[in-house]
Each structure stands twice: as structure tokens, then as C-alpha cells.
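So the structure is just underneath, and the comments pick up after that.
Basis for what follows: all heavy atoms, side chains included, without hydrogens, waters or symmetry-related copies. First the proteins, then the strands, lettered A, B, ... as listed; each starts at 1. Model, not experiment: these values are computed from the prediction.
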4 protein chains.
Amino acid sequence: MSPKPPATPRKQPKQERSQVTVEAILSATAHILTENGYNQLTTNRVAERAGVSIGSLYQYFPNKEALIFALAEQHANEMVQLAKQHLEGLSDRTIPEVLRQIIKAALAAHAVNPKLHRVLHEQIPHSEVMKRLDQAKIENLLQSFLAQRSDQLRPKNLELAVFMVERTIRALIYGAMIDHPELLKTGELEQELTLMLSAYLVKS
Amino acid sequence: MSPKPPATPRKQPKQERSQVTVEAILSATAHILTENGYNQLTTNRVAERAGVSIGSLYQYFPNKEALIFALAEQHANEMVQLAKQHLEGLSDRTIPEVLRQIIKAALAAHAVNPKLHRVLHEQIPHSEVMKRLDQAKIENLLQSFLAQRSDQLRPKNLELAVFMVERTIRALIYGAMIDHPELLKTGELEQELTLMLSAYLVKS
Amino acid sequence: MSPKPPATPRKQPKQERSQVTVEAILSATAHILTENGYNQLTTNRVAERAGVSIGSLYQYFPNKEALIFALAEQHANEMVQLAKQHLEGLSDRTIPEVLRQIIKAALAAHAVNPKLHRVLHEQIPHSEVMKRLDQAKIENLLQSFLAQRSDQLRPKNLELAVFMVERTIRALIYGAMIDHPELLKTGELEQELTLMLSAYLVKS
Amino acid sequence: MSPKPPATPRKQPKQERSQVTVEAILSATAHILTENGYNQLTTNRVAERAGVSIGSLYQYFPNKEALIFALAEQHANEMVQLAKQHLEGLSDRTIPEVLRQIIKAALAAHAVNPKLHRVLHEQIPHSEVMKRLDQAKIENLLQSFLAQRSDQLRPKNLELAVFMVERTIRALIYGAMIDHPELLKTGELEQELTLMLSAYLVKS
DNA sequence: AATGAATGAGGCTTCATTCAT
DNA sequence: AATGAATGAAGCCTCATTCAT
């Protein structure tokens, strides 16, 4: 049906010249996506904005989908990398402290490129594919954090708890970004989220 | 290039005898969407499956977007209607009781046509429009329910609380539908959600 | 690998209007093929010459290959039809007489549209496909003619004889058309072919 | 649009040390042609398989056509060379003996690389050029053989006889290769061809 | 001489939409 | 009101060929 043939891998940029080309293409993709939307994203337009011939684009990306996939991956990596910076030295903290830190990390991650993040989630057809990208990785982190403190944990089902927490954090941060940006600036969201999830997780 | 013509359905499909035709078209749209995905949704194909000429389709829907818009609206209405059935006679209940009932209502609503729901959320190039559809309406309900019990409420900011609760319910139900359907069958999700949100809302 | 997906059957022209369109398209295809060659045969060019939009072309022909296939079939049918006209009332003739008549029939058939015939055989990639078209049919005719006179026949293996005769006739007529057209006008080819094949077939 | 540049290989590939490169390229061309077909034959792919940069390919072959032309020529030369080995010491033989030997020679020649032979004939957009390749050369041989025995010859027109014989041999061997390979193994084709052409050529 | 990144004309095809009947 | 043939802008992508290094 839909998820195209695994996107024939193309030439990996080896020379530095081609690395520049690839960067320009991804950058142009992001720009058009955020400024003009998915409808306007055509391979020719990307190439044009990247200052590259359409042929070059297809040397590195087998099709339009691959373009978006690569961009999403890059974005996800940036998010994860930033998040990790916020998650160091948490070994001996309590659950509320850890939670707050994780929420802070998620907030930071979502601040990487909000416009792009939104477009990627709202306008891309096979969003299922890419949601996995930024998911899983954080779920694992969360899982191990909570597992280490299972004695303080109220929910017996660890996996379920991870699901609840992870989705809630993501949904509320994303929702706030779109509809209530003021909650981000004032720190209210961070506060409420911490409260809500702490109350949920910790034995009363 | 040229910014599309206003696109939003100017004229609601006439509600006369031709109602049958309109139904057939929307039904065909839903079928193709759920079975074949947005990529395969072409106006000609819709018309063919609806057993209607392409010309007739355009008599009732000014363009493709209007087709999807109407379908989304229909779907949202069905969801809201079903939800309301679950929300009667709650005037003298406590917050946890109300919450559980609201969650049950939301679960029922999401069970209306999960496949369609998913496709509508994942594959449609969100034209800003459709999210509003199933949102707002429930938020109002929630707002009034909580306002009536503001004395039992821990969060001072009512609007913020509504936001938190509404998004959390939606995100977790949707997430469970996609990734953990077992949580819906066992009632675990309902239980955990009630716990989490009660703990958040009620004064300790 | 090559032989494309069975060329999704498209709309069969039902109204007379569309019949005209299909004719125009095939005619344009033949014209471009004979005058400009296969290299110049592009779907857009065909549509343009046919005075038809490219969209219309694709309503009746799923791809470029189908265009050529249809044209070849049409051509083959014309050839067979003409050949049959030359092959009536041969029931009580001797082998040489029958042979000469068959050769005459083949000559007539090849005179239908020699230019097109040549292009179809020389320039079309998957010529194997279409050679079958004008073959088989004649082989059957030949087979039955010879079977009826098996007592006068020298070769014991009938199928082999049919193969020898059919291919020889085709090759020489085609070869003469391309390289020695004078042999066709003077009747020399007909004469020599009859001699050669009679000598081969008839018991000495 | 603009009629191609002269296209025929201006410079024969230098016959020095770079002979190895040229061989690799032609070999790769043949391999792709026989295994994947003309559709898959791209200059980049040839270069890759030859283990040579695309730039190098164009150093030895001015364009794609030249590549095929050279390959066809090579193939034709191999065929002719092999045929000649079968045609020595025939000076004092009778026509049937000579004929059989010529047929044997042709059979041997066609066995050189049947797959390539077929592809070259079926899938290459005959640019008029290549047919001549394997033709002419044999016709001359045949012409001289028959001229030496013109007293035993029935047909008065020598050139016509050569045409008849040469085309018949070629068509039947090729046809058998494609559609009746068993005739080649059993020797039946050789036998029948000798019979048919002897009967045609020799005074009764 | 070799490399391989880059080019870009142009081919094939789709599909939302129009309009003559 | 309905039909469905026709439209054509525009998208995706290939591949022979060039050229800077």
C-alpha cells in the first residue's frame, strides 16, 4: 500500500563538497516546510532553494519521502542530544526531582525548532513513521529512571507508568506550544506537569 | 502557485432528497480513507465508489478539501453525540466520579470509528481546521463541570486545569488506541487516567 | 524486470466522442513513429499531434507501452484481414499453387503499412512481444493447408515444415522490403520464393 | 529536439595499455545487456560495473550509442572469425557440400553469444547501423562461392540467389534459437536448411 | 588520465477540476 | 440535475553528459 519501497539508499556523501550539498538540501527542505508548508514542498523547489540542481538532490535522496525522513531524523537527533544534556547527574534524586528534570529536558528538546516540529507532526502524511523516531529513545530513559526507584512507585505496572508519563509530557508540551505558549514562558506548565505526574507516580 | 480559492465549503450540501447522494459520497470517502489511505483518495475514485459521476460530486462539494472537512465534521459530531449520552445526571457527583465518567465518555467517543479517527489525525495535511473540530466542544463541557466544583479543586487556574485534563485524556486514549489497545480492553487505562487526574485535580 | 505490469486496462471508449479520441491518438502514434522514429515518440508529443490533452491520452492508455501495443495489434489485425482475403477458395489446389497464393497473401499483408511495419520491428524495445502478434495466426493457417496435403509432402515433420516455410516467407519479404524493394515490384521475389519452397515441400 | 551530435564513434578507442579499460567497459555493457536488458543499460551503471569512473568511460566512448556500436562490432567480428574457420578448404566441393558447410559456419557463429545476439537484435533501437554489421561480410563470401560454381546454378540472377540464401539461413537459425532450440541440438535445422537451399540452388 | 559530483532538459504520469451534452 | 469526457498544470524522477578538481 503506502510505505514506499525502503527508499533505495543512495550515494553517501564522501567528499566535503557533497556534504555541503546535502546540508543545503536539508536546510532548504526545512525552510520550505516551515515557511510554506508541506503542500509547497516539491523536490524541484527544494533543489532550487538549495542552489543545487534537481539531479544532485536525487543523488543523495531517492525520493521526496527520504528528504523528509532525513530531516525528521536530524531534528530528532538534535532533540535527543539536547535532552540528554539536561539529564545528567540524576542518580540520587527523588522521583519528583527526576520528573521535573525530565520535563525540563523535554521542554528544552521541544524548543529546538518548534516550527519544524509542528509541521513535521501536523502536515506529514506518514507521521506514524516518524513519531517513533523521537519516541522510543526517551521511553527507554524513563523506564530505567523509574525502574531504579520502583520502591517509591505507586503503579505496579512499570511499562504502563512509562506510557502514561511519556505521552502526557509530550502531549502537553506540544499542546502548549501550539495553543498556549504563555504556559511555557511562565513555567506554569513545568510546574503543573511535575505536580500531576508526581502525584500519579509516588506512593501517597 | 496561486493561493487556492477559498476552499471551505461555501454551501452546506442541500439537505433535501439528495441527502442520499451526499451520504454515499461521504461514505465512499471514509471507506477509501480507512482502507486505502489518504494517498489513494482521489475525487474520481470517491465518485466511482459512491456510484456517482464525478460531476455530481462537484455539485455537492466544491473541492476535495470540503469532502474531508465534511467527513471530519460528521465524525466529530458522532463522537460528541455519543459522549453526551455518557454525561447525563452527573450534577451531584464528586470530582473523581465525574472524571471517571468523562473518561468513559471520551473512550466511547473514540470507539466510534477508530480507523477513520486515526487516518484523519495521521494522514490528513492538517489545515489547522480539523483539530478544532473535536476539541473545543468538550473543553466547554469540562470547564463547566469543574467550575461547579471549584471548591474541591486544587489548581487555582481553572482554564489551565481544563487544558491539562482535556489534553491528557485525548493523548492517552489516542496513544493507547494506536500502541496499546490492550489497555482499553482491560479497563486499565480508564483506571489509571482517573487516578492520575483525580490526584491532580482534587485538594489533597 | 522488464515487461511492465500488464498495462492496467483503462476506460474502454463507449461514447462516440471518445472513439474519435482513441483513433486520433493511435493515428498520431503511427505518424510520429513512422516519420520521426521511436526516440521521438513521447506521450506528450502524441497527445499534441492528436490534438488531444495529455490527460485524455492517459484515460485510454495506461502508459506509453500500451500505446504501441495497441497500434501493433491494430496493424497486425489489418494484415491478417487482408491476408485472409487472398486465401479463399484454395481447397483443391496443389501445393505449389497454394504456396504461391500464401506468398501473395503475405506480400499483400506486408504492403499494408510498410513504414510502420518496419519501425515496429526495428525500433521497438520489446519486439518479442509483438512479433507473436502477427505470427501464430498465419502459422495455423499454414499448418492446416499443409496437413490437408500431407501425402504430397516430402518433410515428415509437419511442424518443422511450417516453421521453415513461415519464417522464410517472412524474412525474405521483410528483407526485400528493406533492402531490395525492386524484387517486390518485378514479382521476382514471389517467383523465387514459390520455387524455393515448392522444391522444399513437394516430393521430388 | 536538436538532432544529436554525430554520435558515431569518431575515435576508435586507443589500442594501447588502456585496452584493458575498454575491454572492461564493453564486458560490463554486454553483461548488463544480457542480464538486465537495454532498459537497464545506463552509462553510469556500465561504468560502475566496469569498475571505472563515468568520466573514464566518456574518455573512450563519446556517447552511449558508441558503446553499443563497439560491442556489436566486437560481437560481429567474433562471429565472422569463427565462421571463417569453418569455411576453409572448400574449393573443390559441390554446391550442397559447400552449402552445408556454410550453414554449419553460420550455426557456429550464432553460438558465440546467443543471449547477446538476441538482445542486440530485439532490444536495441536499430540505428540502421548494426544490421549491416553481421550482414555484408558473409554475403561477399557467399557471392564468391556461388560465382565459382555458376555452371551448376539454377538461378540466373546471382545477386538474387545470394540474397535468398543468406537471409534464409539467418532467419531460420535465429528463429530456431529463439523458438525451437531443439532443432539446433538434433541437427534437424542444418539438415532441412541444406535440403531446402540445395534444391533451390542446384539445377534439377 | 582519472574521478565523481553536478547538471538540467525533458520524459512520464496524476488528478483536481471544468464543461459540453 | 447528471454525466463523463476532456483538460492541463505541475509533480516526480532519470540519465546522458559535462567539468572542476
Side-chain angles (χ1 to χ4, degrees), chain A residues 11 13-22 39-48 51-65 67, chain B residues 1-2 4-5 14 17-18 21 39-48 52-65 67, chain C residues 11 13-22 39-48 51-65 67, chain D residues 1-2 4-5 14 17-18 21 39-48 52-65 67:
Chain A
K11 199 180 298 178
K14 289 168 188 168
Q15 299 186 0
E16 51 180 330
R17 179 163 51 138
S18 47
Q19 189 57 44
V20 176
T21 300
V22 168
N39 286 337
Q40 312 277 354
L41 187 83
T42 71
T43 52
N44 280 288
R45 190 164 176 179
V46 168
E48 186 185 21
V52 153
S53 77
I54 181 64
S56 289
L57 187 154
Y58 277 93
Q59 291 225 332
Y60 301 105
F61 301 92
N63 53 47
K64 194 184 173 180
E65 216 177 347
L67 218 50
Chain B
M1 281 301 123
S2 58
K4 283 192 178 181
K14 325 222 164 132
R17 56 188 169 170
S18 52
T21 302
N39 285 340
Q40 314 273 359
L41 188 83
T42 70
T43 51
N44 280 286
R45 189 164 176 181
V46 168
E48 186 187 23
V52 156
S53 77
I54 180 67
S56 292
L57 187 152
Y58 275 88
Q59 215 120 54
Y60 297 105
F61 300 92
N63 54 46
K64 192 183 177 181
E65 213 177 344
L67 212 55
Chain C
K11 201 180 299 179
K14 291 170 188 169
Q15 301 187 359
E16 52 180 330
R17 178 165 49 139
S18 49
Q19 190 57 46
V20 175
T21 300
V22 168
N39 286 338
Q40 313 276 355
L41 187 82
T42 72
T43 52
N44 280 288
R45 189 163 178 180
V46 168
E48 186 185 22
V52 152
S53 78
I54 182 64
S56 289
L57 187 153
Y58 277 91
Q59 291 225 332
Y60 302 105
F61 302 93
N63 53 47
K64 194 182 174 181
E65 216 176 348
L67 218 50
Chain D
M1 283 301 123
S2 59
K4 283 193 177 180
K14 324 225 164 133
R17 57 186 168 169
S18 51
T21 302
N39 285 339
Q40 315 272 0
L41 188 82
T42 69
T43 51
N44 280 286
R45 189 165 177 179
V46 168
E48 185 186 24
V52 157
S53 76
I54 182 64
S56 292
L57 186 153
Y58 275 89
Q59 213 121 56
Y60 296 107
F61 300 93
N63 53 47
K64 192 183 176 181
E65 214 177 344
L67 211 56

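As rounded to whole Å, 14 Å separates atom P of E:dG10 from atom NZ of C:Lys64. B:Glu65 has its CD atom 16 Å from the C1' atom of E:dC15, to the nearest Å. Between the P atom of E:dG11 and the CZ atom of C:Phe61 lies a distance of 20 Å, rounded to the nearest Å. What separates CG of D:Leu67 from C1' of F:dC15 is a distance of 14 Å, to the nearest Å. Spacing between atom CD1 of B:Ile54 and atom C1' of E:dC15 amounts to 9 Å, rounded to whole angstrom units. In this structure, B:Leu57 atom CG and E:dC15 atom P are separated by 15 Å, rounded to whole Å. Summarising the geometry, the separation between CD on C:Gln40 and C1' on E:dC12 is reported as 16 Å, rounded to the nearest angstrom. The distance from atom CZ of C:Arg45 to atom P of E:dA9 is 19 Å, rounded to the nearest whole Å.
Annotation: side-chain hydrogen bond (donor to acceptor under 3.5 Å, both in side chains) contacts of B:Ser53 (sequence neighbours excluded): B:Ser56.
Applying the 4.0 Å criterion to OP1 and OP2 of F:dC13, one finds that A:Tyr58 has a side-chain N or O inside that range. OP1 and OP2 of F:dA6 both lie 4.0 Å or more from every side-chain N or O belonging to C:Gln59. Considering only side-chain N and O atoms, C:Tyr60 lies nowhere under 4.0 angstrom from the phosphate OP1 or OP2 of F:dG4.
The residue C:Thr43 sits close to a base: some heavy atom pair falls under 4.0 Å. Counting any heavy atom pair closer than 4.0 Å across all strands shown, B:Leu41 reaches sugar-phosphate atoms only and no base atom.
For D:Asn44, counting side-chain heavy atoms from C-beta on, the closest listed nucleotide (E:dC12, F:dT14, F:dA16) is F:dA16. Considering only the side chain of A:Ser53, E:dG8 comes nearest among F:dA9, E:dG8, E:dA5. For A:Thr21, whose side chain is taken as the heavy atoms from C-beta onward, the closest listed nucleotide among E:dT13, E:dA9, E:dA6 is E:dA6. The C:Thr42 side chain lies nearest to E:dC12 when the options are E:dA1, E:dT18, E:dC12. Each of F:dA6, E:dA5, F:dC13 was ranked by its minimum atom distance to the side chain of A:Ser18; first place goes to E:dA5.
Between C:Ser56 and A:Gly51, the residue whose closest nucleotide on DNA chain E is further toward the 5' end is A:Gly51.
Under the 3.5 Å distance criterion, the side-chain polar atoms of B:Ser18 are left unmatched by any main-chain donor or acceptor of B:Thr21.
Shown here for B:Tyr58 and B:Asn63, the closest heavy-atom pair between the two residues is CE2-CA, 4.0 Å. The two residues C:Leu41 and C:Val46 make their nearest non-hydrogen contact at CD1-CG2, 3.6 Å. Across C:Ala47 and C:Leu57, no two heavy atoms sit closer than the pair N-CD1, 4.0 Å.
Between the CZ atom of B:Arg45 and the CD atom of B:Gln40 there is a distance of 5.0 Å, given to the nearest 0.5 Å. The line from OG1 of C:Thr42 to CG of C:Leu67 is 10.0 Å long, rounded to the nearest 0.5 Å.
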Review point. Given Watson-Crick or G-U pairs with both distances under 3.5 Å, what dot-bracket string fits DNA chain E, with | for other-strand pairs and [ ] for crossing?
Key: .||||||||||||||||||||
